[in-house]
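Order of appearance sets the numbers: ligands from 1, and atoms from 1 within every ligand. Numbers for residues simply follow the sequence, beginning at 1. Computed from heavy atoms alone, side chains included, the values below leave out hydrogens, waters and symmetry copies.
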Amino acid sequence: MLPPFRTEPFTDFSKPENEAAFRAALEKVKAEMGRSFPLVIGDRRLLLDQTFTSINPSRPSEVLGIFSKGDVSHADMAVATALEAFKTWQYTSVADRARYLLRAATELRRRKHEFSATMVLEVGKSWVEADADTAEAIDFMEYYARQAMRVADSSHLLVPNPGEQVGLYYIPLGVGIVIPPWNFPLAIPTGMLTAALVAGNAVILKPAQPSPWVAWKLCELFWNQGLPPGVLNFVSGPGSSTGAQMVAHPKTRFIAFTGSRDVGLNIFEQASKVPPGQIWLKRTILEMGGKDAVVVDETADLEAAAQGIVAGAFGFQGQKCSAGSRAIIVGDVYDQVANRVVDLTRKLQIGAPDIGPHIDMGPVVNLDSMQKIMGYIEVGTQEGELLLGGSPVETAEGGYFLPPTIFGDVTSNARIAQEEIFGPVLALMRARDYDDALDIANGTEYGLTGAVYSHDRARLEQARREFHVGNLYLNRKCTGALVGIHPFGGFNMSGTDSKTGGPDYLLLYTQAKSVAERL
Ligand code: TAP
């Protein structure tokens with residue numbers, strides 16, 4: 001009997017003891033920098049000659065870890081190994097499988113700051129953002145352990161049939177490839193792989209190249225719980241070759257992917273092909289990008305709206321699928337809200353986040369990302385009025401720092417209002433009235449998150465009906481979904497709306513078997 005699920009509390013860094021504990025964790029993690037990491041396929045640990053490095057984006061010369069660069073042969077080896085492990089893992093009891101998750105959650109809770117500190121160094125998260133990422137990972141473990149026990153035997157949901165004993169069982173699929181992005185480098189791989197494992201599948205984790213260290217620590221956490229070899233394999237390497245090979249492999253049964261629209265579409269297409277030797281249709285669980293909007297009308301609490309816009313646009317440097325990169329404000333209050341958003345944004349502290357909890361914004365993840373975002377800032381100067389930011393923040397150590405950048409009077413068809421930038425760039429847009437604001441909000445190919453600030457009941461109800469996003473927030477910011485409370489996933493080009501952290505999520509990793517026995 002487990003206590004009811006509760007979300008993991010966040011750490012209060014204003015308490016000196018919490019700050020001290022986090023600083024100690026940073027020191028511990030820094031002392032581990034520069035090690036080499038193998039692929040782990042079954043009970044083989046393969047330290048390869050071909051490697052790539054994980055670096056600290058605040059100080060790019062700082063090498064955090066050296067990772068083996070798996071190629072297509074390792075992809076094939078991993079699928080074969082996972083398939084072998086699946087033969088027995090699929091028959092372990094759901095209670096046993098759930099216990100691995102619960103034990104991992106206990107250890108992660110104990111080593112919480114160590115994992116968060118790793119994210120501060122590897123992807124430049126602020127302390128608060130890293131702490132929330134770790135809390136979400138713990139939540140996924142606890143939540144899916146409970147869900148698995150709830151759904152595995154769903155026979156009680158059937159209508160009894162006299163003379164027959166009937167059953168409905170959600171059984172595992174087979175070998176799954178888990179392909180996460182780097183931006184929630186702990187929570188997202190944890191969510192996908194714990195759901196897959198607890199449902200009875202064997203998994204290969206292919207971490208995103210900017211964040212293999214956090215992913216390694218996550219896998220190690222599970223191996224430490226005594227997970228049988230081959231049930232969870234770690235294959236670092238390029239997504240475009242090693243990842244693609246696993247997607248295409250005939251023995252791969254499903255792919256759980258979170259990442260960009262273009263890569264998601266490519267996986268969708270490749271997974272739909274049936275190579276020789278494949279006897280199923282691959283399942284794809286695809287969570288992709290967003291171009292999320294915050295709508296503000298003239299009845300709203302404008303201070304709350306401005307604060308929500310700033311938090312949603314610039315938290316983790318705007319590198320969230322849920323980031324509110326568009327603020328759509330009705331004409332009457334546009335200037336007032338725009339001025340306040342600029343004022344609040346000016347106060348954000350930028351710097352290497354390992355300095356302390358007062359840093360609000362760290363670097364963007366790497367040079368490619370910085371250049372891509374600068375390209376959009378260039379486009380933005382043609383498409384709107386630059387109100388704040390715009391040029392990189394120079395540091396002695398060459399970190400990838402960009403300032404929060406705000407463009408005013410951006411039109412709805414502008415590229416910076418349509419395309420996902422995935423950086424600290426906010427487009428302010430002037431709407432004629434509330435209906436126009438909702439039209440603009442719905443006017444992209446995405447549909448992930450959205451927020452509305454209004455005190456007009458009829459308009460809030462209208463947003464409930466008409467604002468076409470997977471996660472709608474009324475009178476609050478558009479980021480910060482909690483497991484079990486705000487099931488998360490988007491419409492249209494934001495993906496397959498798989499609703500992570502929701503009551504139906506686990507079913508995606510299973511297939512239902514109906515059994516009837518004549519008595
Ligand atoms: P991507 O560039 O799409 O990479 C995601 C993952 O796919 C990485 O592990 C990548 O490996 C791998 N990959 C790349 N090409 C592949 C291929 N051809 N076959 C198989 N795997 C391949 O995204 P990202 O930059 O890491 O993350 C940012 C994106 O994720 C944004 O668009 C953001 O909106 C989205 N995101 C969405 C959500 C939800 S829930 N909708 C949540 C978080 C992030 P490499 O790193 O080796 O290239």
Side-chain angles (χ1 to χ4, degrees), residues 52 54 67 69-72 75 122-123 133 136 140 177-193 204-212 214-215 234-249 252 255-271 282 284-292 316-325 364-366 368-370 372-373 419-423 444-449 469-471 478-481 483 486-502 505:
F52 65 101
S54 166
F67 285 82
K69 196 178 196 173
D71 61 23
V72 294
E122 192 169 43
V123 296
D133 199 319
E136 189 177 359
F140 280 133
I177 316 301
V178 169
I179 306 179
W182 50 264
N183 72 325
F184 281 85
L186 183 57
I188 290 181
T190 301
M192 294 192 288
L193 80 81
I204 301 156
L205 176 69
K206 204 243 40 100
Q209 286 187 81
S211 58
V214 186
F234 177 85
V235 178
S236 45
S240 54
S241 52
T242 312
Q245 176 75 4
M246 292 191 278
V247 167
H249 198 288
T252 292
I255 299 114
F257 165 85
T258 309
S260 63
R261 170 196 182 281
D262 290 356
V263 175
L265 285 181
N266 179 273
I267 290 176
F268 190 51
E269 188 184 341
Q270 296 308 319
K282 282 173 187 154
T284 51
I285 303 157
L286 308 171
E287 288 307 307
M288 293 146 54
K291 190 69 195 174
D292 311 305
F316 190 35
Q317 298 78 267
Q319 301 170 119
K320 296 184 189 180
C321 55
S322 56
S325 55
V364 299
V365 76
N366 56 26
D368 280 356
S369 184
M370 183 164 168
K372 179 179 158 216
I373 298 164
E419 297 172 22
E420 186 183 46
I421 299 173
F422 219 59
T444 76
E445 63 178 6
Y446 294 105
L448 189 46
T449 75
V469 289
N471 285 74
C478 64
T479 55
V483 171
H486 313 112
F488 191 82
F491 299 158
N492 297 345
M493 280 299 163
S494 292
T496 49
D497 188 38
S498 63
K499 287 293 185 274
T500 58
Y505 185 69

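Given atom 26 (O) of ligand 1, the protein heavy atom at minimum distance is W182 CD1, 3.1 Å. Nearest to atom 32 (O) of ligand 1 among the protein's heavy atoms is E420 OE1, 2.6 Å. Residue, atom and distance of the protein heavy atom nearest to atom 9 (O) of ligand 1 are P180 O, 2.8 Å.
Looking at G243, S260, P189, G489, it is S260 that brings a heavy atom closest to atom 23 (O) of ligand 1. Checking I179, D262, V247 against atom 7 (O) of ligand 1, the nearest heavy atom belongs to I179. By heavy-atom distance, the residue among G239, S322, P210, G237 lying nearest atom 16 (C) of ligand 1 is G239.
Listed by number with element, the atoms of ligand 1 under 4.0 angstrom from any heavy atom of F488 are 40 (S). Numbered from 1 in the order shown, with element, the atoms of ligand 1 that lie under 4.0 Å from a heavy atom of N183 read 43 (C), 44 (C). Near L448, meaning under 4.0 Å from any of its heavy atoms, are these atoms of ligand 1: 41 (N). In summary, the atoms of ligand 1 found under 4.0 Å from a heavy atom of Q209, numbered by their order in the structure, are 45 (P), 46 (O), 47 (O), 48 (O). Applying the 4.0 Å criterion to heavy atoms of T258 picks out, from ligand 1, the atoms 5 (C), 37 (C), 38 (C), 39 (C), 40 (S), 42 (C), 43 (C). Residue A244 has at least one heavy-atom neighbour below 4.0 Å for each of these atoms of ligand 1: 19 (N), 20 (C). Proximity to N266 (heavy-atom distance under 4.0 Å) selects the following atoms of ligand 1: 18 (N). Close contacts of ligand 1 with I188, meaning ligand atoms under 4.0 Å from a residue heavy atom, involve 42 (C), 43 (C).
A salt bridge does not link K291 with E445: none of the charged nitrogens is closer than 4.0 Å to a carboxylate oxygen. Ionic pairing of D71 and K69 is not present here: no N-O contact between side-chain nitrogen and carboxylate oxygen is shorter than 4.0 angstrom.
At under 3.5 Å, a nitrogen or oxygen of M288, whether backbone or side chain, sits near a nitrogen or oxygen of ligand 1. Some N or O of G259 is nearer than 3.5 Å to an N or O of ligand 1, by distance alone. For ligand 1, the polar-atom distance check against I267 finds no nitrogen or oxygen pair separated by under 3.5 Å. Below 3.5 Å of separation, one finds an N or O of K206 facing an N or O of ligand 1.
For the ligand labelled ligand 1, residue G495 lies outside the 4.0 Å heavy-atom shell.
Within a 4.0 Å radius of atom 4 (O) of ligand 1, the protein contributes no non-hydrogen atoms.
At most 12 heavy atoms of other shown residues, nucleotides or ligands fall within 6.0 angstrom of atom CZ in F268.
Taking the six-membered ring where tryptophan is involved, the planes of F422 and W182 are perpendicular, since the angle between them exceeds 60° and thus also 30°.
Using modelled atom types, one finds no donor on one side chain facing an acceptor on the other under 3.5 Å when comparing S211 with E122. Between E287 and S494, the side chains place no donor N or O within less than 3.5 Å of an acceptor N or O (distance only, hydrogens not considered).
The proximity of P238 to ligand 1, defined as any non-hydrogen pair under 4.0 Å, is limited to the backbone.
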